[in-house]
S.K.: 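Below you will find the structure I want to go over with you.
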Amino acid sequence: MVVSHDQESLSGWEGGLAPALPHHLFALFYIALYNQRFTAGAQNLSIPFIEENDQTRARQEHLEALRALVGNAYPNKFERSQIVEMGKEDTITAIVEKFRAFEPKAPEGERPPAEAIELANQQLSDKSVRIAGRIATPPRVMGKAAFVHLSDGVMRLQIYVKRTDVKGVSNDAGGGEVDGWELFNLLDHGDFIGVEGYLFITKTGELSVHVRTLQFLAKALLPLPDKMHGINDPEIRQRQRYADLIAGSLKLDREEDELTPREVFERRSKIISEMRRFLEDHGYVEVETPMLTSKATGAAARPFETYHNALGIPLYARIAPELYLKRLLVGGFEKVYELNRNFRNEGIDRTHNPEFTMLEFYWAYADVNQMMDFCEAMLRATVFTALGHTHVKYGDLDIDFSQPFERLTMKEAVIRWWRIRFQYCPSVAEVNDQWFEDGKRITFLAYFLKLLGLESLDLVIEAAFLGDERRKKLNEEVSFSWDRTKTYQGKTDERAQQPSFVAEDLAYLFGELAEPNLVQPTFITDFPKAISPLSKASPADPAVAERFELFIAGMECANGFSELNDPREQYERFNDQMTQRERGDDEAMVMDEDYIRALSYGMPPAAGVGIGIDRFVMLLTNRQSIRDVILFPHLRPERRINPSEG
RNA sequence: GGGCCGAUAGCUCAGUCGGUAGAGCAACUGGCUUUUAACCAGUGGGUCGCAGGUUCGAGUCCUGCUCGGCUCACCA
């Protein structure tokens with residue numbers, strides 16, 4: 001008679017019949033019912049794309065048994081105590097930070113003296129807590145008592161569960177009592193539970209909670225990663241960041257200075273909030289400009305294209321907020337910033353993700369030099385507040401933010417690193433500093449470098465350490481490329497007649513020779529105007545733009561300039577870009593008529609800058625890949641989890 | 001997009017010359033009332049990324065594909 005009833009009608013009985021029965025009998029009765037359902041083949045409990053194996057099956061069975069024992073397996077809340085600070089719920093971290101001072105000191109591997117533990121326990125004298133967290137270790141059960149650690153994602157706190165002391169809490173209305181030990185034995189590594197009990201220090205000297213009542217909160221149906229090794233597979237870590245975060249918080253074997261994924265992203269958050277605070281302290285207003293635009297402008301990049309159904313027009317994900325922010329300068333804002341995502345439809349590698357976070361800010365009446373000072377102050381302050389110091393270890397590099405950032409013009413940088421690179425190559429000794437003032441010679445040197453090839457270029461820098469034999473051979477190679485370049489001089493001279501080509505070649509020389517060597521924060525200034533279509537020319541040299549880029553650890557981290565505010569000149573620069581576009585450069589900018597119209601109302605002189613937040617976070621968290629500082633970086637879709645792809 | 005490397009149990013990884021698929025952790029069963037990666041005894045767990053090919057025989061050799069890593073080109 002009983003078995004023929006469904007669960008709903010059983011629940012209905014609970015008010016009347018259940019109290020008459022001892023609870024554990026009632027629970028057994030539920031288990032019998034569920035077993036009946038299983039053997040009857042009512043197997044609709046599994047989720048199709050969640051893999052079934054011995055471990056998931058065991059967890060599923062535990063879940064069903066828990067339902068039988070406590071009713072609702074996914075209760076809606078658990079109220080935690082507030083003994084650390086009134087008005088604030090006690091997290092595990094808060095409890096540990098407040099009470100771990102009671103742990104008696106003992107030499108590594110030894111137990112503290114019993115008297116010290118006794119004393120600590122008297123001082124703790126029945127401090128009751130109600131805390132919740134994820135079961136962070138496989139339970140260590142010793143017959144009639146057990147130890148388990150709970151984690152709140154940051155810290156872990158041990159709980160002690162004694163068979164004779166623990167009471168279980170039903171999750172059904174009324175929250176009656178169930179067998180606590182039976183409940184405990186249905187728990188798996190990874191489940192969420194809430195416990196009530198009192199603090200004490202164990203014989204080994206660890207702060208723990210002696211559990212009086214135990215409540216089930218949520219099930220981990222999937223097995224957790226190895227407690228010692230965590231997850232090493234970068235694909236799982238990036239695709240399933242939740243698993244990465246869990247594994248990082250539960251992993252036992254960790255280096256002293258190793259950041260958990262959680263700590264990486266908390267630091268990211270801190271860096272961003274410090275930058276916001278710094279800007280707001282200096283009078284900047286945060287604004288939000290369109291991410292979906294009908295024109296992709298403000299930078300040299302290919303956009304993502306989409307389509308608006310109702311309007312029937314193409315739209316582009318923005319590649320930069322720049323032109324919108326400058327429209328706001330026209331409108332009267334003197335200091336604005338935007339901190340948000342840009343989207344660029346280009347290659348993906350360890351420093352590029354299709355969507356990335358950019359901070360852009362604009363300062364009316366200031367020029368590029370004032371902006372460099374401001375940027376430097378902001379970054380130094382951010383590093384200090386985020387890390388507590390200004391010396392950053394990035395891989396093998398030591399980066400010092402406390403010293404004034406070096407400032408070099410692009411030409412100075414090229415000259416310096418050319419000299420260092422080719423100091424042991426007599427065949428190119430005729431190159432002197434004057435060469436870099438001459439467009440023809442710049443195109444010549446760029447051609448030479450391309451001809452020489454990257455492998456030889458890398459060897460050249462080691463020339464000092466090479467044996468005589470190899471150095472001789474290398475010099476022959478350099479000499480050969482040099483002579484060969486001379487036979488193409490007619491072509492390079494012709495190329496030099498086009499200023500934008502000279503500009504590109506100078507930038508190429510800079511990129512190959514100088515950029516990788518800019519380890520300490522360094523401002524590179526005086527960019528060729530031809531590759532800076534939105535920036536103002538220098539008053540001293542009309543061919544040079546008042547523009548800078550900041551390099552740290554060989555990475556470009558910021559890009560700023562005195563903003564071009566002459567609408568006529570901006571119109572012509574756009575036209576030049578259009579010409580380049582017609583020649584096949586699909587990253588050249590498009591004409592933005594509305595922007596020209598805005599400038600025509602008058603824009604004050606201003607400086608602006610963009611800072612690549614992801615790269616800056618990489619530096620401050622010692623990550624070598626941008627995918628490690630973006631919670632959910634772009635990856636190809638996973639085929640096996642998506643049934644529609646078969 | 002090109003080149004190089006990789007994919008084996010839930011996780012971390014071995015797998016020799018082409019000859020029966022392995023370990024640790026995790027899981028399951030039993031024991032253990034203050035443990036510390038708890039311990040002791042036992043048991044189960046595999047589409048060796050996918051699809052072909054060579055071979056008497058393929059985790060292993062060959063080809064194609066998928067996904068990932070590094071790197072080059074492009075870009076911030």
Side-chain angles (χ1 to χ4, degrees), chain A residues 50-59 61-62 109 111 114 117 121 137-149 156 158-166 181 188-190 200-206 208 210 220-239 243 246-247 250-254 299-302 319-320 342-358 360 453-455 511 549-551 555-559 585-587 610-616 618 624-627 635-641 645:
Chain A
I50 297 298
E51 191 184 340
E52 199 179 321
N53 56 45
D54 58 335
Q55 318 223 17
T56 57
R57 227 172 289 124
R59 285 162 184 268
E61 283 165 19
H62 292 164
R111 294 185 172 195
I117 293 171
N121 280 332
T137 53
R140 295 189 292 278
V141 183
M142 300 163 299
K144 297 184 178 64
F147 286 97
V148 185
H149 279 90
R156 55 177 62 214
Q158 181 169 260
I159 63 169
Y160 175 61
V161 180
K162 202 168 165 184
R163 180 172 193 165
T164 51
D165 288 359
V166 63
W181 189 247
D188 289 299
H189 188 194
F200 76 110
I201 307 290
T202 65
K203 282 180 182 168
T204 51
E206 180 168 346
S208 307
H210 189 123
L221 285 173
L222 290 171
L224 270 75
D226 187 289
K227 63 188 171 189
M228 293 306 284
H229 304 97
I231 299 175
N232 275 2
D233 184 344
E235 186 175 352
I236 303 177
R237 291 182 46 189
Q238 290 158 15
R239 215 182 271 290
I246 296 167
L250 304 191
K251 195 175 158 189
L252 297 176
D253 185 28
R254 192 147 67 91
R302 279 195 297 270
I319 55 175
N342 288 344
F343 307 87
R344 298 192 184 174
N345 202 345
E346 278 158 4
I348 299 173
D349 63 30
R350 50 175 280 276
T351 56
H352 296 86
N353 194 59
E355 51 181 299
F356 63 102
T357 299
M358 177 92 110
E360 279 200 18
L454 288 176
E455 270 176 48
E549 285 188 359
L550 174 65
F551 292 87
M555 277 194 293
E556 185 192 334
C557 287
N559 177 10
D585 180 359
D586 53 3
E587 283 173 1
I611 297 177
I613 297 298
D614 309 280
R615 288 180 182 180
F616 192 56
M618 282 168 68
Q624 302 299 316
S625 169
I626 199 168
R627 286 185 291 267
L635 295 173
R636 282 194 166 81
E638 190 179 8
R639 279 179 69 94
R640 64 191 166 86
I641 203 166
E645 289 187 55

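Since we're looking at a predicted model, the values are computed, not measured. All heavy atoms count here, side chains included; hydrogens, waters and symmetry mates do not. Residue numbering restarts at 1 for every chain, and letters A, B, ... go by the order of the sequence lines.
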S.K.: Find the distance between CD1 (A:Ile611) and CG (A:Leu550) and round it off to the nearest 0.5 Å.
M.R.: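 Rounded to the nearest 0.5 Å, the CD1-CG separation comes to 8.0 Å.
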S.K.: How many whole angstroms separate atom NZ of A:Lys251 from atom P of B:C11?
M.R.: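 Atom-to-atom, A:Lys251 to B:C11, this comes out as 16 Å.
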S.K.: Quick one: is B:A76 close enough that its OP1 or OP2 comes under 4.0 Å of any side-chain N or O from A:Asn559?
M.R.: no
S.K.: Within the modelled atom types, does a donor on one side and an acceptor on the other bring the side chain of A:Asp349 and the base of B:C72 under 3.5 Å apart?
M.R.: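 Looking at the base of B:C72, it does not pair with any donor or acceptor on the side chain of A:Asp349 (distance under 3.5 Å).
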S.K.: If B:G1 has a Watson-Crick or G-U wobble mate with both distances under 3.5 Å, name it; if not, just say none.
M.R.: B:C72
S.K.: Verify whether one side chain among A:His229 and A:Asp253 offers a donor that lies under 3.5 Å from an acceptor in the other.
M.R.: no
S.K.: Name the nucleic acid region contacted by A:Thr351, choosing base, sugar-phosphate or nothing; use a 4.0 angstrom heavy-atom cut-off, strictly under.
M.R.: base
S.K.: Among the nucleotides B:U35, B:A76, B:C74, which one has an atom lying closest to any side-chain atom of A:Glu587?
M.R.: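 Of the options given, the side chain of A:Glu587 lies nearest B:C74.
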S.K.: Mind checking if A:Asn353 touches a base, just sugar-phosphate, or nothing, with heavy atoms under 4.0 Å?
M.R.: base
S.K.: Could you pick out which residue, A:Pro225 or A:Gly205, lies toward the 5' side of RNA chain B when each is mapped onto its nearest nucleotide?
M.R.: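 Counting from the 5' end, the first nearest nucleotide belongs to A:Pro225.
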S.K.: Looking at every heavy atom in both A:Ala299 and A:Ile319, which two are closest together, and how far apart are they?
M.R.: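 Residues A:Ala299 and A:Ile319, closest heavy atoms: O-CD1, 3.3 Å.
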S.K.: Using the side-chain heavy atoms of A:Lys144, tell me which of these nucleotides is nearest: B:U34, B:C32, B:G10.
M.R.: B:C32
S.K.: Of the nucleotides B:A76, B:C67, B:U12, which one has an atom closest to the side chain of A:Ile231?
M.R.: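 Closest nucleotide among those given: B:U12.
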S.K.: Between A:Ile626 and A:Pro234, which is nearer to the 5' end of RNA chain B once each is assigned its nearest nucleotide?
M.R.: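 Nearest-nucleotide comparison on RNA chain B picks A:Pro234.
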S.K.: Report the nucleotide, chosen from B:C32, B:U35, B:C11, that has the shortest atom-to-atom distance to any side-chain atom of A:Ile236.
M.R.: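 Taking heavy atoms from C-beta onward, the closest nucleotide is B:C11.
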S.K.: Answer yes or no as to whether B:A76 has its base stacked against A:Phe356, where stacking requires a ring-centre separation under 5.5 angstrom and planes under 30 degrees apart.
M.R.: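 Given the distance and angle limits, yes, they stack.
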S.K.: If the P atom of B:U60 is compared with that of B:G52, how far apart are they to the nearest Å?
M.R.: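 Per the computed distance, 14 Å lies between those P atoms.
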S.K.: Please report the distance separating the P of B:G1 from the corresponding atom of B:G44, rounded so that it comes out in whole Å.
M.R.: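 Going atom to atom, P in each nucleotide, I get 47 Å.
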S.K.: What is the distance, to the nearest angstrom, from the CD1 atom on A:Ile348 to the C1' atom on B:G69?
M.R.: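 Checked: the CD1 to C1' distance equals 14 Å.
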S.K.: Between the main-chain N or O of A:Thr351 and the side-chain N or O of A:Arg615, is there a donor-acceptor pair closer than 3.5 Å?
M.R.: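 Looks like yes, one N/O pair under 3.5 Å.
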S.K.: Ignoring hydrogens and angles, does a donor from either the side chain of A:Gln55 or the base of B:A26 sit under 3.5 Å from an acceptor on the other?
M.R.: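 Yes, a donor-acceptor pair under 3.5 Å.
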S.K.: Output yes when a side-chain donor or acceptor of A:Ser625 lies under 3.5 Å from a complementary backbone atom of A:Arg627, and no otherwise.
M.R.: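 Present.
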S.K.: With a 4.5 Å limit on heavy-atom distance, are the side chains of A:Gln624 and A:Met618 in contact?
M.R.: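 No; the side chains remain at least 4.5 Å from each other.
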S.K.: Reckon A:Arg627 has a side-chain N or O less than 4.0 Å from the OP1 or OP2 of B:G69?
M.R.: yes
S.K.: Below the 4.0 Å mark, does B:G68 have OP1 or OP2 next to a side-chain nitrogen or oxygen of A:Arg636?
M.R.: yes
S.K.: Using Watson-Crick or G-U wobble geometry with both distances under 3.5 Å, which nucleotide pairs with B:C50?
M.R.: B:G64
S.K.: Given atom CG of A:Leu252 and atom P of B:U35, what is their separation to the nearest angstrom?
M.R.: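 Nearest whole value for this atom pair: 18 Å.
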S.K.: Does the side chain of A:Arg140 get closer than 4.0 angstrom to OP1 or OP2 of B:A38 through an N or O atom?
M.R.: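 For A:Arg140, the contact criterion (side-chain N or O under 4.0 Å from OP1 or OP2 of B:A38) is met.
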S.K.: Taking only side-chain nitrogens and oxygens of A:His62, does any of them come within less than 4.0 Å of OP1 or OP2 of B:C28?
M.R.: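 The answer is yes; a side-chain N or O of A:His62 sits under 4.0 Å from OP1 or OP2.
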S.K.: Scan A:Thr164 against the nucleic acid and name what it touches under 4.0 Å (heavy atoms): base, sugar-phosphate only, or nothing.
M.R.: base
S.K.: Starting at CD of A:Glu52 and ending at C1' of B:G45, how long is that distance when rounded to a whole Å?
M.R.: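 Checked: the CD to C1' distance equals 13 Å.
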S.K.: C1' atom, B:C67 versus B:A51: distance in rounded Å?
M.R.: 15 Å
S.K.: Taking B:A76 as the reference, what is the distance to B:G15 when you measure between their C1' atoms (whole Å, please)?
M.R.: 45 Å
S.K.: Among B:U35, B:G10, B:C11, which is the nearest nucleotide to the side chain of A:Ser208?
M.R.: B:U35
S.K.: Nearest 0.5 angstrom please: A:His210 NE2 to A:Ile159 CD1, how far?
M.R.: 11.0 Å
S.K.: When you compare B:G49 with B:U43, how far apart are their C1' atoms, in angstrom units rounded to a whole number?
M.R.: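 The answer is 30 Å between these two C1' atoms.
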S.K.: Please determine, for the side chain of A:Lys162, which listed nucleotide (B:U33, B:A37, B:A76) has the closest atom?
M.R.: B:U33
S.K.: Looking only at atom C1', what distance separates B:C62 and B:C74, rounded to whole Å?
M.R.: 35 Å
S.K.: Find the distance A:Ile246:CD1 to B:G10:P and express it as a whole number of Å.
M.R.: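 Whole-Å distance recorded here is 18 Å.
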S.K.: Does the B:G10 base have a donor-acceptor partner in the side chain of A:Asp226 within less than 3.5 Å?
M.R.: no
S.K.: Has the side chain of A:Asp614 got a donor or acceptor atom that lies under 3.5 Å from a matching backbone atom of A:Thr357?
M.R.: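 Confirmed, A:Asp614 side chain pairs with A:Thr357 backbone.
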S.K.: When the C1' atoms of B:G2 and B:U16 are considered, how many whole Å apart are they?
M.R.: 35 Å
S.K.: Does A:Gly230 reach a base, just sugar-phosphate, or nothing at all? Heavy atoms under 4.0 Å.
M.R.: sugar-phosphate
S.K.: Using a heavy-atom cut-off of under 4.0 Å over every strand shown, decide if A:Gln238 touches base, sugar-phosphate, or nothing.
M.R.: sugar-phosphate
S.K.: Can you tell me which nucleotide in B:U71, B:C28, B:U34 comes closest to the side chain of A:Arg350?
M.R.: B:U71
S.K.: Between atom NE2 of A:His149 and atom CZ of A:Arg140, what is the distance when rounded to the nearest 0.5 Å?
M.R.: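 One gets 5.5 Å once the value is rounded to the nearest 0.5 Å.
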S.K.: Could you work out the separation of B:A14 and B:G64 based on their C1' atoms and round it to a whole Å?
M.R.: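 Per the computed distance, 29 Å lies between those C1' atoms.
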S.K.: Contact class for A:Leu222 (heavy atom, under 4.0 Å): base, sugar-phosphate, or nothing?
M.R.: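 A:Leu222: no heavy atom of the nucleic acid under 4.0 Å.
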S.K.: In whole angstrom, what separates A:Arg59's CZ from B:C28's C1'?
M.R.: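 From A:Arg59 CZ to B:C28 C1': 13 Å.
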S.K.: Let's test your reading of the model: under 3.5 Å, does the base of B:U35 pair with the side chain of A:Gln158 as donor and acceptor?
M.R.: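 Such a pair exists between side chain and base.
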S.K.: Taking only the side-chain nitrogens and oxygens of A:Lys227, find out if one of them lies under 4.0 Å from OP1 or OP2 of B:A26.
M.R.: yes
S.K.: Could you state the atom-to-atom distance from CE of A:Met142 to P of B:G30 in whole Å?
M.R.: 18 Å
S.K.: With a sphere of 6.0 Å drawn around CZ of A:Arg254, does it hold more than 12 non-hydrogen atoms of other residues, nucleotides or ligands?
M.R.: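 Counting neighbours around CZ of A:Arg254, more than 12 heavy atoms of other residues, nucleotides or ligands fall under 6.0 Å, so yes.
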S.K.: Determine: side-chain N/O of A:Arg239 to OP1/OP2 of B:G68, distance under 4.0 Å, yes or no.
M.R.: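 Yes.
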S.K.: Give none if B:U16 has no partner; otherwise give the nucleotide forming a Watson-Crick or G-U wobble pair with it, both distances under 3.5 Å.
M.R.: none
S.K.: How many whole angstroms separate atom CE of A:Met618 from atom C1' of B:A76?
M.R.: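 My rounded result for the distance is 12 Å.
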S.K.: Examine B:A27: is either OP1 or OP2 under 4.0 Å from a nitrogen or oxygen in the side chain of A:Asn53? Give yes or no.
M.R.: no
S.K.: Nearest of B:U12, B:U33, B:G10 to any side-chain atom of A:Asn232?
M.R.: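 When the side chain of A:Asn232 is considered, B:U12 is the closest of B:U12, B:U33, B:G10.
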S.K.: Using a 4.0 Å heavy-atom cut-off across all strands, classify A:Ala300 as base, sugar-phosphate, or nothing.
M.R.: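 The residue A:Ala300 makes sugar-phosphate contact but no base contact.
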